[in-house]
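I have placed the structure first, in the form of structure tokens, so that the comments after it can refer back to it.
These figures come from a predicted structure and were not determined experimentally.
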Amino acid sequence: MPLRRWTRDARLTFAMRNPLGGFSRVPAAPALTLRDLWPGDPLVGERLVWNQSLFEGVVRNLQHLQWDNPAWPEAYRRWLQGFTWLRDLRELGAESARIKARSMVATWIGQPASERPITDPSVTGARLAAWLFYYEFFAAAADDHFRQNLMAALIMEARSIMALMPEGARGWRALTALKGLLAVAVAIPDHPEFLSRYLKLIDQEIDQQFLADGSHITRCPEDQFQAVRELAEMLSILQTARLPLPTRLMEVADRAAPALRAMRHGDGGLMLFNGSRERDPQLIEQVLNRASRGRVVAASQPESGYIRLTSGRTMLFADAAGPAPAGYDSTAHAGMLSFEFSSGRQRIIVNCGASTQRGWSEALRVPAAHSVLEMGSLSPITRNQSGTITRRPTVTRAQASQEGAHWLHMTHDGYKPQGGGVYSRQLYLGKDGQTLRGAEALEGTESRDFCVRFHLHPDITVEEIEHGFLLYTHEESWLFQANVAAYLEDSVYLGSGERVDSLQIVLCPPEERVAAAEGEEAQDPEADGADHTAAHAQGDAYPEDNAAYPADHADSATEQDAFYGQPHAATEHEAYQPEHGGYAEQDGSAAYSDHTYAYTDAHGYAQEGEAYTSTPQDSEEDAFSPLLHDAPPADSMPYQAASTTGLSHTDHSEHAPQETPSMAEALFAGQDAAADHASQTEGPTDHGASAPTSESASSGKPAEAAPSAPAMRPVRWALTLMTD
């Protein structure tokens with residue numbers, strides 16, 4: 001037996017000595033009454049009265065003295081042993097519910113101490129807190145023998161938490177363990193060692209779990225919610241006991257609550273990344289109100305890597321960082337660069353969510369379950385048998401905003417070691433929120449075994465038309481178009497934990513490639529054009545996750561002008577203004593007004609928006625020139641449009657003749673034809689003196705030759721609000 005396990009078992013054996021009959025004093029009742037802060041579900045409570053459990057839509061029969069079963073999912077085992085279902089019996093409120101609660105608690109404390117499953121301190125902490133929260137409900141009127149055994153069990157199991165922490169639990173579950181220890185400390189003040197141990201451990205957990213911007217280290221919005229809820233309960237317990245509030249605890253609550261507010265869609269639910277679910281919006285609001293008095297929204301989350309863009313009625317969330325660090329990556333999904341998009345209270349483009357059910361839990365981790373590029377059977381991350389990530393991609397991001405419009409460029413190299421190249425995604429959100437456009441590209445590969453998926457919320461109704469797909473919400477209709485073949489396929493949505501059938505739009509790779517070899521003969525401008533610019537070298541160095549986006553990257557300011565059609569705005573790190581504390585003002589989405597939505601002002605603060613109007617902004621046509629706004633003519637083929645060039649390689653020099661695309665041309669072909677014509681006029685010789693790569697710029701060496709592999713033209717798409 002390993003020494004660590006032997007010492008742990010020895011500590012547990014010593015901790016579980018029954019204080020009854022010994023030298024320790026066991027009080028007859030708690031010194032003060034603690035109150036639970038959250039509502040329960042009376043339907044779950046009614047099932048329990050009839051010896052059935054209802055957990056995540058699955059009904060199971062309760063068996064006497066059975067608290068564990070290898071066939072049970074871990075989440076159900078934790079729920080049953082954690083006794084949080086006492087709130088459901090309390091919510092039911094009937095005398096039968098009180099008797100059932102007392103009977104099940106008596107069954108647990110009647111087990112010999114050596115036979116109780118107490119090796120998980122987070123489950124023990126949840127159980128101790130539940131017993132004290134609902135003591136008045138099930139134990140206050142019980143006989144003296146029951147109450148004496150209950151108080152002895154509180155002491156023994158609190159000692160087990162002290163024996164197992166801090167190694168026994170990680171992440172937000174460690175906060176659950178400490179919450180239970182704190183609850184016993186204030187309920188039984190005759191044992192001061194409980195409170196001193198809590199105060200010693202809580203600062204350590206806060207430093208390990210919360211990043212500088214208030215986000216949780218796991219990068220999971222569900223974990224953020226759970227952690228903020230545990231902080232709120234700790235603050236409530238300390239306030240009830242009239243104890244001084246630890247400074248670190250108050251500070252982290254004031255940082256973590258705004259970060260949680262920034263992870264909510266317009267409907268009040270959570271965004272779905274890295275194992276999160278929507279959650280009940282009312283419960284989230286209650287947790288936020290308990291955790292912090294302010295109603296601020298974090299203006300940016302540079303540490304977590306989540307990007308939140310708001311414009312008009314719309315919100316866009318993007319995952320622009322790699323997996324969480326080792327030890328905190330158990331919920332990590334392979335959804336880097338995926339995004340979600342909502343308008344008002346309606347989610348439109350989503351990720352598939354998460355589940356605790358076996359099979360679904362792993363299936364929802366792959367790129368195919370996210371609104372992102374999927375490359376065949378390849379995965380951008382690799383796990384070992386224990387679930388630890390052994391290969392992590394490098395993720396970069398560059399963000400800019402100007403006059404209410406937003407630009408975002410993200411890359412990751414997760415497919416590169418497998419021959420899949422570097423994945424690049426560029427997004428543009430118009431200043432009025434009526435236009436979302438993007439481009440997907442794989443650089444440094446010849447593989448065509450990929451597709452781009454856009455999962456739709458189950459409430460979205462889809463109509464296939466000649467020029468794309470019309471997406472209908474309860475209030476609006478959006479037109480989705482692309483420059484490649486697009487198909488409608490079945491999908492699933494588990495945002496609430498239960499499977500719901502939905503749909504997804506799938507974009508296939510383009511049929512032609514863009515010739516990238518220098519010196520290739522110019523082609524006819526009317527034919528499918530060739531890219532006149534070399535693609536990124538396969539050996540280009542990409543910055544580390546969260547690092548500053550290099551100015552000498554191939555997508556320089558000039559090249560971004562070509563893509564965005566706007567002067568280069570502030571970079572991501574210029575947009576994060578530290579003088580504002582990283583927070584926005586009042587949470588504009590909390591009231592869920594039908595006609596008022598939050599927007600971000602020039603100082604980075606989220607403000608209450610004006611009433612939404614459907615009047616389009618005429619100037620937006622110039623904001624994203626490669627993608628036209630108007631629909632193509634009836635006889636055009638937008639899915640098989642003419643060849644398009646790389647989004648970052650359009651020549652905008654003053655000597656290059658530019659053809660202005662007319663609105664009568666196909667949706668995505670016009671700008672590409674202009675770029676091809678400029679390529680032939682300028683000639684390949686002029687581009688031989690183009691800006692050096694990041695490596696040559698820093699070392700003074702000449703730029704490396706273009707890679708021999710041809711560059712694949714990017715997949716472009718647009719989502720436009722249809723107005724009268």
Side-chain angles (χ1 to χ4, degrees), residues 265-267 271 308-318 339-350 371 401-408 426-439 454-483 486 488 502-505 507 564-566 588-589 592-600 609-633 638 663 666-668 716-724:
H265 276 280
D267 60 4
M271 59 185 187
R308 177 180 183 265
L309 306 179
T310 61
S311 182
R313 288 169 53 97
T314 59
M315 286 188 181
L316 185 145
F317 298 90
F339 77 95
E340 294 193 321
F341 180 73
S342 61
S343 177
R345 298 183 182 180
Q346 180 61 62
R347 303 180 188 223
I348 300 177
I349 297 177
V350 297
S371 292
S401 299
Q402 184 177 6
E403 298 180 354
H406 304 280
W407 295 264
L408 177 62
Q426 304 190 50
L427 299 174
Y428 164 79
L429 180 61
K431 62 184 177 180
D432 57 0
Q434 298 186 23
T435 302
L436 173 64
R437 308 177 189 183
F454 300 86
H455 295 274
L456 304 177
H457 191 272
D459 291 342
I460 301 300
T461 303
V462 184
E463 177 186 358
E464 186 172 0
I465 60 175
E466 183 177 3
H467 309 303
F469 297 100
L470 281 176
L471 313 180
Y472 296 102
T473 72
H474 296 299
E475 300 177 348
E476 303 169 332
S477 61
W478 292 78
L479 175 64
F480 184 95
Q481 296 176 291
N483 69 331
L488 197 64
S502 61
L503 297 172
Q504 61 177 314
I505 297 174
L507 303 184
Y564 299 130
Q566 286 277 13
S589 63
Y592 307 117
S593 171
D594 289 334
H595 302 287
T596 303
Y597 299 87
Y599 71 98
T600 304
E610 298 179 355
Y612 166 72
T613 59
S614 60
T615 304
Q617 301 291 335
D618 297 335
S619 60
E620 187 171 310
E621 293 297 337
D622 299 328
F624 197 88
S625 55
L627 300 181
L628 303 182
H629 185 80
D630 289 358
M663 291 299 177
L667 179 63
F668 301 102
R716 295 175 178 169
W717 53 269
L719 186 63
T720 308
L721 177 66
M722 304 300 291
T723 61
D724 295 336

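The minimum heavy-atom distance linking A439 with W717 is given by the pair N-NE1, 4.1 Å. Annotation for A405 and K431: closest pair N-CB, 3.7 Å, computed over non-hydrogen atoms. The shortest heavy-atom contact between D267 and R345 is CB-O, 3.3 Å. When all heavy atoms of M315 and R308 are compared, the closest pair comes out as CE-NH2, 3.4 Å. Taking every heavy atom of both residues into account, L427 and G438 meet most closely at CD2-CA, 4.2 Å. Heavy-atom minimum distance, R716 versus N483: N-OD1, 2.7 Å.
Contact annotation: the side chain of S502 never approaches that of H457 to less than 4.5 Å [non-hydrogen atoms, C-beta and beyond]. The closest side-chain heavy-atom distance from H467 to Q481 is below 4.5 Å. Side-chain contact between T473 and I460: present, with at least one pair of heavy atoms (C-beta onward) separated by less than 4.5 Å. Between L436 and Y428 the shortest side-chain heavy-atom distance does not fall below 4.5 Å. The side-chain heavy atoms of L316 and T314, taken from C-beta on, include no pair separated by under 4.5 Å. Q426 is not listed as a side-chain neighbour of L408, based on a closest heavy-atom distance of 4.5 Å or more. Residues Q434 and T723 have side chains in contact (heavy-atom distance under 4.5 Å, counting atoms from C-beta outward). Side-chain contact between L429 and F341 is present, with heavy atoms from C-beta onward closer than 4.5 Å.
For T461, the side chain to side chain contact (heavy atoms under 4.5 Å, CB included) partners are Y472, not counting sequence neighbours. In this structure, the side chain to side chain donor-acceptor pair (under 3.5 Å) partners of S342, at least two apart in sequence or on a different chain, are H265.
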Review point. Under the side-chain contact (heavy atoms from CB on, under 4.5 Å) criterion, do I348 and L471 qualify, and how do the steps go?
Key: CA-CA 8 Å; I348 300 177; L471 313 180; 4.2 Å; yes
Exercise for review: In sequence, state the C-alpha distance, the side-chain angles, and the governing distance for L456 and Q504, and then conclude on side-chain contact (heavy atoms from CB on, under 4.5 Å).
Suggested key: CA-CA 5 Å; L456 304 177; Q504 61 177 314; 5.7 Å; no
Exercise for review: Check the pair E340, S371 against side-chain contact (heavy atoms from CB on, under 4.5 Å), reporting the backbone distance first and the verdict last.
Suggested key: CA-CA 7 Å; E340 294 193 321; S371 292; over 6 Å; no
Exercise for review: Start with the C-alpha gap between I349 and I505, add the side-chain angles, then the distance that decides, and say whether side-chain contact (heavy atoms from CB on, under 4.5 Å) holds.
Suggested key: CA-CA 10 Å; I349 297 177; I505 297 174; over 6 Å; no
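The distance from atom CD of E466 to atom CD of E464, rounded to the nearest 0.5 Å, is 11.0 Å. The distance from the OG1 atom of T720 to the CG atom of L479 is 6.0 Å, given to the nearest 0.5 Å. To the nearest 0.5 Å, atoms CZ (R437) and CG (L719) are separated by 10.5 Å.
F480 and F469 have tilted rings, their planes meeting at an angle from 30° to 60° on a 0 to 90° scale.
The pair R313-E475 meets the salt-bridge criterion, since a charged nitrogen lies less than 4.0 angstrom from a carboxylate oxygen.
Judged purely by atom type and a 3.5 angstrom limit, S401 has no side-chain atom pairing as donor or acceptor with the backbone of H406.
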